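Have a look at the structure below before the remarks.
None of these values were measured; they are calculated from a predicted model. First the proteins, then the strands, lettered A, B, ... as listed; each starts at 1.
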There are 2 protein chains.
Amino acid sequence: MATIADVASAAGVSRSTVSGVLNGNWDICSQETRIRVLDCALKTGYQRSNAALVLSTGRTNVVAIGCERPDDPHPARMLAAANDLAQSMGFDVILIPLGKHQDVTMYLSQRRADVVMVAKAISLAEDLLDHISAPHQIVIAAGPRAGDTPRRILCSYWHDQTGIRCVLEHLVSLGHTRIAYLAGTRAGMRMTYFQEAAAVFGAEGIALTTEDEDDKMVAGAEMARRTLDMRPRPSALFARTDAIALGALHAVQEAGLRVPEDISIAGYYDFAYSRYLSPSLTSVYTPFTKCALAVLTEALQALKRDPVVSPEPRAIEFPTELRVRGSTGPAPV
Amino acid sequence: MATIADVASAAGVSRSTVSGVLNGNWDICSQETRIRVLDCALKTGYQRSNAALVLSTGRTNVVAIGCERPDDPHPARMLAAANDLAQSMGFDVILIPLGKHQDVTMYLSQRRADVVMVAKAISLAEDLLDHISAPHQIVIAAGPRAGDTPRRILCSYWHDQTGIRCVLEHLVSLGHTRIAYLAGTRAGMRMTYFQEAAAVFGAEGIALTTEDEDDKMVAGAEMARRTLDMRPRPSALFARTDAIALGALHAVQEAGLRVPEDISIAGYYDFAYSRYLSPSLTSVYTPFTKCALAVLTEALQALKRDPVVSPEPRAIEFPTELRVRGSTGPAPV
DNA sequence: CTGTTAGCGCATTCAC
DNA sequence: GTGAATGCGCTAACAG
């Protein structure tokens, strides 16, 4: 590989001249020198070394995204969009597990990333600030709001609480009074919100969980079947995820019941396929991709500025959106 | 940030001793020195600089994966698995667009990745060998086999030709004689295989394409509707992707026809949700994840060895698998 | 076993 | 305008 020194000697100039020309420093040399340098760079097949650049500048041009289940439809779409954006601005995206705290902080403390974005419950992100080891590093977050909103970082979020309320309001307005929540293994804040919302709208909320949800459809089917045996039977099922809702839909139909005539089903996240199911699935759109792109855009722009000014800490809310479709209908009398 | 020199002076030893200890070089110093060094490293909060490591060793510990549509279920699952594997072995994964040739080669020529894996038609990968710029860099490929099999790299593949034949054989054995292929915008090798297979099994193959498939379900629905107007009408639809099949299923049912009694539908890739559709979708499982993990494992193991010996170039085939479900049935008489 | 030295390739001062 | 010198933090080859 040709180094900057090779280009310099080929062009008969110094390395700093080559460096200046290649970095678009227009007033560093004469026009002829510039052309000669560019020409020699081309001829020698010069490629600047990323490693040396990183060591010298301290900037990695890497965005680390902490995200769970990156192959679920909802995160996958967000990640693809974030990757496109980052690539277009000259950054690489790496995906880091959000399990161990240290795995995430490492990318800050070891200066392995310029930006760390937490794509999960946004309250987790603020602690990361303590691990910043270079002044230009930026921590952002995008995801559902749970608990307190961070005040020291830029973040964007949606309210799961609002999304879940909308579903319950919708179901109750259709006359449903016994509503089951199919939570799967992860009985977190959303289950609490469900119970709250059920109380607010005067419905009886029944939460179901499972031991195992490796296959979310299987888990959904299993939980749905359990509701069918209940007396009185819940007239509406609300699933933590569209995948769970699909499993439930399958099980209900297999049991010979009609959706929504006998039982209504609602999902969450509004996967791309959900509207094409039979019946099409009522679900809540959550703006994961919008949230991520909003904060990521701002962070990357900040890094392009010289000197870097960290984005102003604040929390941006994006609305959720209830999408009523064919899987929910009036409660049977 | 503490550097290796800080640790060295704190421990009263030289930098190479610290380096040796931290790299697990057990026979480089006495037990007491080791402990003292480790202690000082902890106390000073030493974190090794990734940038300096990369510059010094030439190794980036980065795997670049070239992949299209990373948010489609099939690639998304593969990417998540590949990322898990790489992370567990200390590598970061970055996702690069496969569009421009230069975008991919850059990661080799600029030494930005130790491994480049092409996760697409495997014939594309071999050319990348010419852009290797460090002896340890490895190029691998995983994806459908189309055209010649690379002979100079390690790759793994499945035969789309076989997968598609299985579908046609299945449909013909059910009595279907007019079979439509819903190709979407990408009328590539698979469409050719379809025509071939139709000929082999004595069926009439009708290929449909669309201008736009931003939403694959919409595209599938649109193509399916077109087949409904044909006279005689195809009795079976074979979609390029399960997402297209889902759109087709939706459109067919919306038109008041029954699946599979009136029309059979088959998909490709066997998405996780496909078996839970109503009716459950007949599809072909293609071993993308298996292929990727197989070659990636070998590449990463090779990089852990010292000195690095590139994996033996060869092509590993994984079988496709026809999964017959409820969406295909006997042709109507 | 330990310490010294010399790169890795670039950007960024400074003198000229 | 230009070139020489220095630092980024580490590894590795060498000499004690």
Side-chain angles (χ1 to χ4, degrees), chain A residues 1-38 40-41 44-61 109-112 114 133-136 306-308, chain B residues 1-37 40-41 44-61 109-112 114 133-137 306-308:
Chain A
M1 275 295 301
T3 77
I4 201 172
D6 299 329
V7 181
S9 72
V13 299
S14 76
R15 297 183 312 202
S16 51
T17 309
V18 177
S19 174
V21 169
L22 262 38
N23 287 326
N25 234 324
W26 285 90
D27 39 321
I28 201 171
C29 68
S30 67
Q31 204 51 249
E32 307 93 61
T33 332
R34 167 184 321 292
I35 295 182
R36 193 150 34 90
V37 166
L38 255 27
C40 289
T44 54
Y46 170 73
Q47 303 262 95
R48 108 223 236 135
S49 152
N50 196 59
L53 193 74
V54 171
L55 180 58
S56 179
T57 62
R59 312 274 289 257
T60 57
N61 293 322
S109 60
Q110 294 186 2
R111 293 197 179 88
R112 291 172 60 144
D114 294 335
S133 64
H136 71 270
D306 190 44
V308 172
Chain B
M1 276 294 299
T3 75
I4 199 172
D6 299 330
V7 180
S9 72
V13 299
S14 76
R15 298 183 313 202
S16 51
T17 308
V18 177
S19 175
V21 169
L22 262 39
N23 288 325
N25 235 324
W26 286 89
D27 38 321
I28 204 172
C29 66
S30 67
Q31 205 50 251
E32 308 91 64
T33 338
R34 166 185 324 291
I35 294 180
R36 191 152 34 90
V37 166
C40 290
T44 55
Y46 171 74
Q47 302 264 96
R48 107 224 240 139
S49 151
N50 195 59
L53 191 74
V54 171
L55 180 59
S56 177
T57 61
R59 312 275 289 258
T60 57
N61 292 322
S109 61
Q110 293 185 1
R111 293 196 179 88
R112 292 174 57 142
D114 294 336
S133 64
H136 71 271
Q137 288 179 316
D306 189 43
V308 172

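- Rounded to whole angstrom, the span from the CG atom of B/Asn50 across to the P atom of D/dC8 amounts to 18 Å.
- Counting only heavy atoms from C-beta outward, the side chains of A/Pro135 and A/Val308 never approach each other to under 4.5 Å.
- Shortest non-hydrogen contact noted between A/Asp114 and A/Asn61 is OD2-N, 2.7 Å.
- Atom pair A/Arg34:CZ and D/dT2:P shows a separation of 10 Å (rounding to whole Å applied).
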Counting primed atoms, P, OP1 and OP2 as sugar-phosphate and everything else as base, the B/S/- map of nucleotides 9-16 of chain C against protein heavy atoms under 4.0 Å is BBBB----

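- Looking at every heavy atom in both residues, B/Arg15 comes nearest to B/Ala8 through N-CB, 3.8 Å.
- With hydrogens and angles ignored, the 3.5 Å screen pairs a side-chain donor or acceptor of B/Arg111 with a backbone N or O of B/Ser133.
- Counting any heavy atom pair closer than 4.0 Å across all strands shown, B/Val54 reaches no nucleic acid atom.
- Rounded to whole Å, atom P of D/dT11 lies 15 Å from atom NE2 of B/His136.
- Here C/dC1 presents its P atom at 14 Å from CD1 of B/Ile35, a figure rounded to the nearest Å.
- The two residues A/Leu22 and A/Tyr46 come nearest to each other via the heavy atoms CD2-CE2, 3.3 Å.
- Residue B/Thr17 has no polar side-chain atom (N or O) positioned under 4.0 Å from OP1 or OP2 of C/dC1.
- Where the helix from C/dC1-D/dG16 to C/dC16-D/dG1 starts and where it ends, the local axes point in directions that differ by 50°; five pairs per end, rounded to 10°.
- A side chain to side chain contact (heavy atoms under 4.5 Å, CB included) with B/Leu55 is found for one member of A/Asn50, A/Val54, A/Leu55 and no other, namely A/Leu55.
- Between the CG atom of B/Leu22 and the P atom of D/dA12 there is a distance of 13 Å, rounded to whole Å.
- At a threshold of 4.5 Å between non-hydrogen side-chain atoms, the residues B/Val7 and B/Arg48 do not count as touching.
- You'll find the side chain of A/Leu53 stays beyond 4.5 Å of the side chain of B/Gln110, heavy atoms only.
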